[in-house]
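These notes concern the structure reproduced below.
Chain identifiers are assigned alphabetically (A, B, ...) following the order of the sequence lines, protein sequences preceding nucleic acid strands; residue numbering begins at 1 within each chain. Hydrogens, waters and symmetry mates play no part in the numbers below; they use all other heavy atoms, side chains included.
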Amino acid sequence: MEKKYDFTAIEKKWQKYWEENNTFHAENNSDKPKYYALVEFPYPSGQGLHIGHPRPYTAMDIVARKRRLQGYNVLFPMGWDAFGLPTENYAIKNKIHPALVTENNIKRFKSQLKSLGLSFDWDREVNTTDPEYFKWTQWIFLQLFKKGLAYKSKMAVNWCTSCKVVLANEEVVSGCCERCGGEVIRKEKSQWMLKITEYAQRLLDDLELVDYPERVKSSQINWIGRSTGAEVNFETSAGDTLTVYTTRPDTLFGATYMVISPEHPYIEKWSDKLSNLEEIKDYQQKAAKKSDFDRTELNKEKTGVKLSGVTAVNPVNGKEIPIFISDYVLMGYGTGAIMAVPAHDERDYEFAKVFGLPIIEVVKGGDITKAAFTDCATGIMTNSGFLDGLSVEEAKVKIKEWLAANGKGHEKVNFKLRDWVFSRQRYWGEPIPLVYCEKCGWVPVAEEELPLTLPDVDSYMPTDSGESPLSTLESFINTTCPHCGGKARRETDTMPQWAGSSWYFLRYCDPDFKAGVASKEALDYWMPVDWYNGGMEHTTLHLLYSRFWHKFLYDIGIVSTKEPYMKRTSHGMILGKDLDNPGQFTKMSKSKGNVVNPDDVVKEFGADTVRLYEMFIGDFEKAAPWQEEGIKGCKRFLDRVWGLREMIAEGEEHGKELESEIHRTIKKVGEDIEGLKFNTAIAALMSLLNKFYSLGSITKGEFKTFLILLYPFAPHISEELYSEVSGGAVIDDQSWCPYDEALCVDDTVEIAVQINGKVKAKLNVSAGLDKDTLVKTALENEEVMKLIQGKQVVKSIGVPDKLVNIVAK
RNA sequence: GCCGGCAUGAUGGAAUUGGCAGACGUGCCGGACUCAAAAUCCGGUGGUAGCGAUACCGUGUGGGUUCAAGUCCCACUGCCGGCACCA
């Protein structure tokens with residue numbers, strides 16, 4: 001009987017079956033071992049799902065489906081990271097409440113995800129904009145506040161002139177706003193900050209507890225930016241001690257001048273002693289106007305002003321040295337002041353050349369008339385008194401001892417990591433639940449009053465002054481102090497989008513819990529996440545922020561694991577056609593007009609084909625181009641799988657050769673899934689299918705095994721065929737196929753015989769021959785003997801089951 | 001500038017510890033089926049020379065180590081990503 005592969009009907013049928021049977025529902029209690037597989041929840045944008053979204057989702061769906069068959073109780077949840085600027089901008093433009101926009105976008109996203117047959121447990125869906133969710137985002141913030149880890153600070157911030165919003169450093173790309181591309185300038189603002197820097201060392205150390213790819217680990221390490229050096233005290237003629245931070249205290253004898261940041265407080269303090277104050281103030285103003293981008297961009301050439309009237313003394317040799325201000329020294333790092341050693345620091349060298357300052361070599365090994373010598377590994381100390389003759393590393397130790405003994409300084413560790421700017425002057429975010437009282441200062445909203453919800457406003461536009469739209473709403477602002485009952489005003493800033501995504505994986509454990517982020521039992525059962533896959537774009541910020549919050553929650557006893565994620569992997573982007581450069585591929589974007597909508601592809605080829613192609617397209621960890629021609633191959637493969645039902649012939653024995661090929665395929669598919677090598681797993685399935693076709697028949701048992709292997713990748717067609725061939729059974733109730741290592745090897749193997757490194761013959765030998773026997777067998781082979789006739793065998797190398805190489809002259 | 005990654009047929013991409021380069025797919029060529037086309041099935045497909053068995057060349061470039069190099073080492077080129085005065 002001919003039956004068509006009607007993927008649309010089949011996919012609908014099984015999606016309905018799974019939904020009705022709650023197949024993917026995870027229970028918080030189970031005798032089975034638990035497995036928590038996590039993908040990054042999407043931002044439900046107005047454009048709907050993008051063809052890149054299903055790549056990581058399908059990958060983890062494959063893992064989740066395989067784990068269920070392996071007998072695990074699997075948690076594979078999904079939700080919505082729904083606060084954010086695009087929704088707010090859309091709301092402003094179309095005068096629709098952002099909550100309504102969000103609701104519609106989520107509906108669309110959800111139906112798109114469901115059409116792909118992803119095995120999410122939809123009973124655990126979370127939404128960061130749901131007051132029942134952000135109640136606990138606010139609660140966590142209050143705990144941070146109560147522990148002194150949230151503070152308000154006036155600081156220069158990155159200000160997007162187009163979005164009219166404060167951006168985090170990480171949201172500024174080459175001087176422009178990451179989202180809109182608008183110009184970013186510096187502006188003084190009072191901001192809520194989170195003290196992530198207090199966790200810097202632990203965020204670094206605990207990377208040893210987790211299984212992250214090297215590229216992810218190293219970017220976290222670089223972002224944290226730990227360095228070991230020393231703080232050194234310089235006495236000044238003004239009477240104040242000027243402390244600097246340096247990683248090269250060994251070069252102290254070579255410090256010929258000092259530089260302080262234009263924002264350094266001593267400038268104000270010393271104003272009556274400085275004879276060129278006007279020149280200095282002028283330079284300060286210019287520096288203040290520049291954005292960070294301009295500051296780095298314009299400073300190819302070093303600039304600065306010498307402080308006339310105040311000098312410093314090098315503590316190690318008593319020499320008087322000048323002090324400069326220059327914007328190459330940043331107030332936000334170290335002490336905002338440096339000792340300059342032009343002979344051994346490139347920036348100091350450039351500056352010294354511009355200002356004609358002395359360059360004294362204190363480490364031998366380079367040519368300081370040409371460039372600064374910065375190599376720590378080979379240099380030997382010179383012109384450095386008691387350090388002379390030592391290596392750089394030895395000198396570092398000795399000078400630190402000297403500094404400590406003489407009260408001139410001490411060892412110091414510094415981090416590049418800055419505290420997290422946590423305020424946004426926007427409407428569509430979690431309100432920060434604090435009130436300001438003249439008498440009591442900043443006071444938290446009572447926890448019973450959470451969630452503090454967003455009031456309805458007429459306009460979601462940020463104000464020109466830079467304040468949040470909430471700041472114009474008197475009914476929201478005016479309140480009473482929870483502490484003294486007097487008049488108080490609410491904070492009108494909202495939280496950044498990173499807030500809700502910093503703990504969402506905890507909420508999945510117990511999404512309806514009313515008395516906390518999740519019940520202790522649920523958290524202890526499910527956490528940590530066993531495998532978390534996400535994009536490289538989130539390896540520094542989201543990963544670091546969520547690890548920080550998790551460590552804080554660990555400290556206050558909410559969670560029991562130090563790290564949230566045991567294993568992290570990263571997928572590559574799906575690229576679209578570059579319409580400007582035919583034959584090239586580039587990032588898909590609306591503006592480039594090269595976005596592929598998964599709905600169209602699902603409609604034309606079916607969800608199973610889309611899933612398969614997303615996984616077959618290439619190395620999962622690398623970017624891959626979406627090619628319409630390529631997807632056909634996956635559709636053909638499934639058509640051929642469908643065709644197997646016509647080939648079922650019971651009782652036909654295919655022998656050991658096929659049996660071992662099946663076992664090898666089981667092994668390979670299983671191992672490849674664990675190693676993110678989905679493309680080669682599929683290739684192995686294709687090879688096995690080709691084998692079935694060449695044999696012309698398949699037994700029911702072989703067919704069932706094949707379908708179980710295919711099921712994680714293409715679940716709908718696998719379920720349909722399995723239920724047909726087994727009289728109604730479903731794969732969800734089956735077990736992952738075991739394999740027999742002994743059966744994976746054939747009785748005989750083909751080995752290559754090389755003569756002088758070139759393959760000259762092939763030989764069939766029994767498997768597992770040791771190398772001596774193998775060489776002997778090869779040398780006794782007639783064909784081989786002919787080939788080496790008249791030559792002298794110098795050397796023979798045998799590699800069991802692989803090859804023999806005969807070196808003959 | 002610094003750090004990281006990558007470079008393989010026409011094309012997307014495969015290749016455990018160094019061990020038969022090009023698995024699997026696309027495209028192309030040929031055959032079967034068809035009035036014909038599509039679809040499907042079967043076969044072929046790195047380059048050069050040769051009727052041919054075969055020979056030589058071949059993993060960005062140039063060197064090296066090795067019985068053996070896509071894989072290891074040195075130098076260079078190109079592309080992609082991240083950071084960007086962090087003392």
Side-chain angles (χ1 to χ4, degrees), chain A residues 170 173-174 214-215 218-219 221-223 225-227 229 244-249 251 255 258-259 261 292-293 295-297 299-300 302 326-330 332-341 344-348 350-351 414-418 536-537 539-540 572-573 583 585-587 612-613 616-619 621-634 636-637 639-640 643 671 675 677 679-690 693-694 750-762 794-808:
Chain A
E170 43 276 21
V173 177
S174 321
E214 206 47 49
R215 58 178 176 161
S218 72
S219 66
I221 291 166
N222 290 339
W223 191 266
R226 184 185 197 273
S227 69
V244 302
Y245 173 71
T246 178
T247 55
R248 294 294 303 275
T251 62
M258 300 185 78
V259 185
S261 153
D292 274 343
F293 181 67
R295 213 163 140 159
T296 54
E297 191 65 4
N299 277 278
K300 299 274 192 263
K302 293 279 179 289
S326 174
D327 59 9
Y328 87 85
V329 175
L330 310 171
Y333 184 77
T335 61
I338 62 158
M339 63 178 215
V341 185
H344 306 289
D345 180 280
E346 281 169 33
R347 295 149 301 178
D348 296 347
E350 280 175 43
F351 191 89
N414 254 322
F415 296 94
K416 287 188 196 174
L417 185 70
R418 310 290 165 84
M536 275 307 282
E537 68 274 24
T539 49
T540 42
M573 264 189 308
F585 293 88
T586 182
K587 200 172 168 174
L612 211 57
Y613 183 54
F616 187 62
I617 193 166
D619 185 336
E621 300 186 86
K622 288 188 200 138
W626 185 265
Q627 289 172 305
E628 283 293 327
E629 300 78 40
I631 199 170
K632 279 192 225 160
C634 289
R636 271 181 207 152
F637 169 66
D639 285 338
R640 281 160 68 83
E671 287 175 355
K677 306 180 105 187
N679 52 340
T680 51
I682 294 167
L685 289 170
M686 288 173 168
S687 292
L688 185 57
L689 179 86
N690 291 342
Y693 266 74
S694 71
E750 190 188 59
I751 62 150
V753 179
Q754 297 182 330
I755 291 166
N756 297 331
K758 291 194 174 158
V759 182
K760 293 287 179 181
K762 300 272 169 107
V794 181
K795 195 175 179 181
S796 309
I797 297 102
V799 182
D801 295 347
K802 289 263 159 81
L803 56 64
V804 170
N805 188 10
I806 298 160
V807 186

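- A straight line from CE of A:M339 to P of B:A87 spans 12 Å, rounded to a whole angstrom.
- Across all strands shown, B:U40 forms a Watson-Crick or G-U wobble pair with B:A32, both key distances being under 3.5 Å.
- Residues A:D348 and A:I338 share a closest heavy-atom pair of OD1-CD1, 3.6 Å.
- Annotation: B:G46 and B:G22 have their C1' atoms spaced 8 Å apart (nearest Å).
- Distance A:I617 CD1 to B:U11 C1': 13 Å, rounded to the nearest Å.
- A:R248 approaches A:H344 most closely through the heavy-atom pair NH1-O, 4.3 Å.
- Taking the charged nitrogens against the carboxylate oxygens, A:E671 and A:K677 have no contact shorter than 4.0 Å, which rules out a salt bridge.
- Residue-level contact check: A:E346 touches neither bases nor backbone, having no heavy atom under 4.0 Å from any strand.
- Both A:G334 and A:V759 lie close to RNA chain B; mapped to their nearest nucleotides by heavy-atom distance, the more 5′-ward contact belongs to A:V759.
- Remark: P of B:G13 and OH of A:Y613 are 9 Å apart, rounded to the nearest angstrom.
- Remark: the separation of the P atoms in B:U48 and B:G13 is 25 Å, to the nearest Å.
- For B:G70 and B:A15, the P atoms lie 16 Å apart once the distance is rounded to whole Å.
- Between A:Y333 and B:A87 there is a side-chain N or O to OP1 or OP2 distance below 4.0 Å.
- Taking atom P on both B:A68 and B:C20, the two are 15 Å apart, rounded to the nearest angstrom.
- Here A:N756 lies out of heavy-atom contact (under 4.0 Å) with every strand.
- Within 4.0 Å of A:N414, counting heavy atoms only, lies no atom of the nucleic acid at all.
- As rounded to the nearest Å, B:C51 and B:U77 have P atoms that lie 45 Å from one another.
- Remark: B:C56 base-pairs with B:G47. Criterion, Watson-Crick or G-U wobble with two distances under 3.5 Å.
- Residue A:E346 qualifies as open at atom CD: its count of foreign heavy atoms under 6.0 Å is 12 or below.
- Mapping A:K802 and A:G336 onto RNA chain B by nearest heavy atom places A:K802 at the nucleotide closer to the 5' end.
- Once rounded to the nearest 0.5 Å, the distance linking CZ of A:F637 with CD1 of A:I682 reads 7.5 Å.
- At whole-Å resolution of the value, CG in A:N805 and C1' in B:G18 are 13 Å apart.
- The two residues A:G630 and A:Y613 have their closest heavy-atom pair at C-CE1, 3.6 Å.
- Among the heavy atoms of the strands, none lies under 4.0 Å from A:S219.
- Rounded to whole Å, the distance from CD on A:E350 to C1' on B:C2 is 14 Å.
- The side chain of A:N679 has B:G13 as its nearest neighbour among B:C56, B:C42, B:G13.
- A glycosidic torsion no more than 90° from 0 defines the syn conformation, and B:G9 adopts it.
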If a protein heavy atom is under 4.0 Å from the base, mark B; if only from the sugar-phosphate, S; if neither, -; do that for nucleotides 24-32 of chain B going 5' to 3'.
BSSS-----
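- Nucleotides B:G1 and B:U71 place their P atoms 27 Å apart, quoted to the nearest Å.
- Base pairing analysis places B:C2 opposite B:G82; the two distances defining the Watson-Crick or G-U wobble pair are each below 3.5 Å.
- The same atom, C1', is picked in B:C3 and in B:A55; the two are 47 Å apart, to the nearest Å.
- When only modelled atom types and interatomic distance are considered, A:S261 and A:Y333 share no side-chain donor-acceptor pair under 3.5 Å.
- Summarising the geometry, atom CD1 belonging to A:I806 is positioned 5.0 Å from atom CD1 belonging to A:I755; distances are rounded to the nearest 0.5 Å.
- Contact detail for A:S227 and A:Y245: the closest heavy-atom pair is OG-OH, 2.8 Å.
- One atom, CD1 of A:I751, and another, P of B:C20, lie 12 Å apart when rounded to the nearest Å.
- The CG-P distance, from A:L330 to B:A87, rounds to 10 Å in whole Å.
- Pairing of B:A75, defined by two Watson-Crick or G-U wobble distances under 3.5 Å, is identified with B:U61.
- Annotation: B:U11 and B:C28 have their C1' atoms spaced 11 Å apart (nearest Å).
- Note on A:K677: a side-chain N or O is less than 4.0 Å away from OP1 or OP2 of B:A15.
- At the heavy-atom level, A:V799 lies under 4.0 Å from base atoms of the strands shown.
- For A:S227, a side-chain nitrogen or oxygen approaches OP1 or OP2 of B:A87 to under 4.0 Å.
- Note: NZ (A:K760) to P (B:G19) measures 21 Å, nearest angstrom.
- Shortest non-hydrogen contact noted between A:E350 and A:K302 is OE1-NZ, 3.3 Å.
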